[in-house]
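We name chains A, B, ... by the order of the sequence lines, and we start the count at 1 in each one. Everything numeric in this text was worked out from a predicted model, so none of it was measured.
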Amino acid sequence: MPEIIIPVSVRQKIRDFSLQSLMYLAVLLVSAVFVWLLADLVQGGMAHLSWAFLTESPRDAGRAGGIASILVSTLLILLIALIAAVPLAWATAVLLAEFVPIDSRFGRIVRFSLYVLAGVPSIVFGLFGNAFFSIYLGLGFSILSGGLTLACMLLPILTSTAEAGMRAVPDAYRLSAAALGMTRTAALIHLIFPAATPALAAGLLIGIGRALAETAALLFTSGYVDRMPGSLLDSGRALALHIFDLSMNVPGGDMPAYAAALVLVSLLLGINSLAMMFAHGLQRRRILT
Amino acid sequence: MNGNHDAFTLGPLETGPACCVPHPLIQVRNLSLQYDGKTALDTITLDIYQGCITALIGPSGCGKTSFLSTINRLTDLIPRCNVTGQILIGGQDIHHPNCDVQTLRRRIGMVFQKPVPFPLSIRRNLSLPLNEHGVTRKDEVAAIIEQVLYDVGLWDEVHDRLDASALSLSGGQQQRLCIARALALNPEILLMDEPCSALDPMASGVVEDLICRLQGRYTIVIVTHNLAQARRIANYAAFFWVRERAGQLVEFGRSQQIFESPRHELTAAYVNGSRG
């Protein structure tokens, strides 16, 4: 029986086509998951969502009223986490990327610790935060101790993204700047930081996402009091924790839980687009590509 | 060949004083350099004359670029790089603890193989190093920018778009901008590491003409793989060769002598194209 010979070009075309189809399928699946999730949230939460829901404090364990106090607590926790984590993380990143040789023992130890830290489950951070910030430092169940615990969680992601961003800036800039008699600090401020802005912004966004989504670590540190916080030393319930509580512990809390989840996701999208726009604008102003 | 090319006849574009009385501006004495304990440059002793163009020639890996970066102490930035020996510039030891490296590098401009415009506007590329060295008066900065852009022949091409990105310039324009950036700091010495090799022949020719024009006003040390170019532009030539992975200076002399009557057989073989 004569063998059917498929010409190479046809075979390659088939291979190309199947590979491309697979890729499109993957993209479709990924987008479908996102769209499905969003659609589910909108369908479930839209009815319950209103201006009152955003501006009233929760009543009857969250079955009635809104999430105003929860939103305030969430944003305060996020703010504290960022204020504490960002300077530390970026300073570490500058040290690792600019001043320590990539293969040095010191750099390896710091990087390894950060990897380990990144892999620690959030419940463990919660226990640590409870033991250290709440009990040892005496901050109790408070927004401050929750924020600081989150800051510890954010350190690895903020540091590694910033370090990678700065390392991606071509060495030629550093050499040229040095050859022009510019100090390292000047090169850092005028060339390296601006060029690394997209990476810094991306790290910040991932960090904010993590912080907003965090539940377990906050359970033991900022607590779950749903009143409007009077100070940073008050306990405050984060949005993610509120959703968890409503859907798990409060019978009849499904509708507000849906609405709160919708708010959380919108908040995330909103902050993301704002930060993107800000970073883009900053880079356009400082650096022309 | 090239009989009318006398190393000491400056081209028609020359602006500075003639280069007739060799006065050593850079004196290199027993300079050695190790990367990670491995010798890359082996006891180089060499004088570089003021106002002249000195070409460093030789095969790849013979330490020409390393030699160049010892002069402005850019080697300080390389981890585990060890420099021994002496470099005197105008009689002053550049490794002396009193020598401020920022000031030293201001006196010594450097141009790299690939043009490295900063991702900033054309104007900012030139004003940033000036600002860093304390030149902040706006009119002064603007005057220097105009002057150096004029010197490198870019003024007519870019004066109406100084705020455009430097990355929007062509390769040759970018390299001339980098030369202008180095000139803006008013250096005495220019180090050039194959400044034409990443450019197309037209742009390369423009940059080469520019280098000739800078002769006399600046002391230029240029690394080049292009022997014809070295022959055209250099007053002096230093021929490096690599022995047991360490770069050595084989022969130094007037460029005419190096190219037409080399004393060393390796030099002869290299300039004739039979070795390297």
Side-chain angles (χ1 to χ4, degrees), chain A residues 94-111 162-202 279-289, chain B residues 36 65 68-69 71-81 100-134 161 163-168 177-178 181-187 190-193:
Chain A
V94 168
L95 182 80
L96 288 177
E98 299 296 317
F99 293 93
V100 179
I102 191 158
D103 52 354
S104 78
R105 176 183 290 262
F106 174 77
R108 282 210 308 263
I109 291 173
V110 175
R111 247 174 248 120
E163 190 201 344
M166 282 187 267
R167 279 206 191 281
V169 177
D171 258 345
Y173 292 159
R174 293 181 184 87
L175 281 178
S176 288
L180 289 163
M182 286 168 64
T183 58
R184 279 184 150 185
T185 319
L188 198 63
I189 294 172
H190 295 294
L191 298 170
I192 307 204
F193 256 138
T197 307
L200 297 180
H280 193 68
L282 196 72
Q283 213 191 15
R284 280 284 296 275
R285 199 162 59 79
R286 295 292 301 271
I287 247 178
L288 300 142
T289 40
Chain B
D36 236 343
T65 299
L68 210 59
S69 19
I71 300 177
N72 66 350
R73 285 180 53 188
L74 218 53
T75 43
D76 289 10
L77 298 180
I78 302 167
R80 293 187 292 279
C81 170
D100 175 52
V101 70
Q102 259 68 270
T103 317
L104 174 79
R105 289 180 187 149
R106 184 181 176 168
R107 290 175 62 192
I108 307 175
M110 188 164 189
V111 178
F112 296 87
Q113 181 172 5
K114 267 179 71 182
V116 193
F118 295 141
L120 306 164
S121 69
I122 295 169
R123 191 197 305 278
R124 190 74 185 125
N125 259 280
L126 298 165
S127 66
L128 179 60
L130 282 170
N131 293 163
E132 288 304 313
H133 285 283
R161 51 179 178 129
D163 289 310
S165 169
L167 303 181
S168 67
L177 179 67
C178 292
R181 196 170 59 187
L183 297 183
L185 297 174
N186 199 17
L190 275 181
L191 308 176
M192 300 185 150
D193 187 1

| query | Can you name the nearest heavy-atom pair linking B/A182 to A/L180, along with the distance? | reply | CA-CD2, 4.1 Å
| message | When you compare the side chain of B/N131 with that of A/H190, does any pair of heavy atoms fall below 4.5 Å? | response | no
| For B/E132, is it the side chain, the backbone, both or neither that has a heavy atom under 4.5 Å from a heavy atom of chain A? | side chain
| task | Name the region of B/P187, side chain, backbone, both or neither, that has any atom closer than 4.5 Å to a heavy atom of chain A. | result | neither
| query | About how many Å separate OG1 of A/T183 and NE2 of B/H133, when rounded to the nearest 0.5 Å? | reply | 9.0 Å
| query | B/R80 versus chain A, heavy atoms under 4.5 Å apart: side chain, backbone, both or neither? | reply | side chain
| request: Begin from the C-alpha positions of B/L128 and A/L191 and carry the test side chain to side chain contact (heavy atoms under 4.5 Å, CB included) through to its verdict. | output: CA-CA 10 Å; B/L128 179 60; A/L191 298 170; 4.2 Å; yes
| task | Check each atom of B/R73 against the heavy atoms of chain A and say whether the ones under 4.5 Å are side chain, backbone, both or neither. | result | neither
| query | Can you name the side chain to side chain contact (heavy atoms under 4.5 Å, CB included) partners of A/F106, sequence neighbours left out? | reply | A/L95, A/V100, A/S104, A/V110
| field | Contacting moiety of B/I108, where chain A heavy atoms sit under 4.5 Å | value | backbone
| query | Can you check whether A/R174 reaches B/L77 side chain to side chain, under 4.5 Å on heavy atoms? | reply | no
| note | So OG of A/S176 and CZ of B/F118: to nearest 0.5 Å the spacing works out to 5.0 Å
| task | Determine the option with the most heavy-atom pairs under 4.5 angstrom with chain B, choosing from A/P170, A/P101, A/A177, A/A179. | result | A/A179
| Using non-hydrogen atoms only, which part of A/D103 is less than 4.5 Å away from chain B: side chain, backbone, both, or neither? | side chain
| message | Side chains of B/V116 and A/L175, heavy atoms from C-beta outward: is any pair under 4.5 Å? | response | no
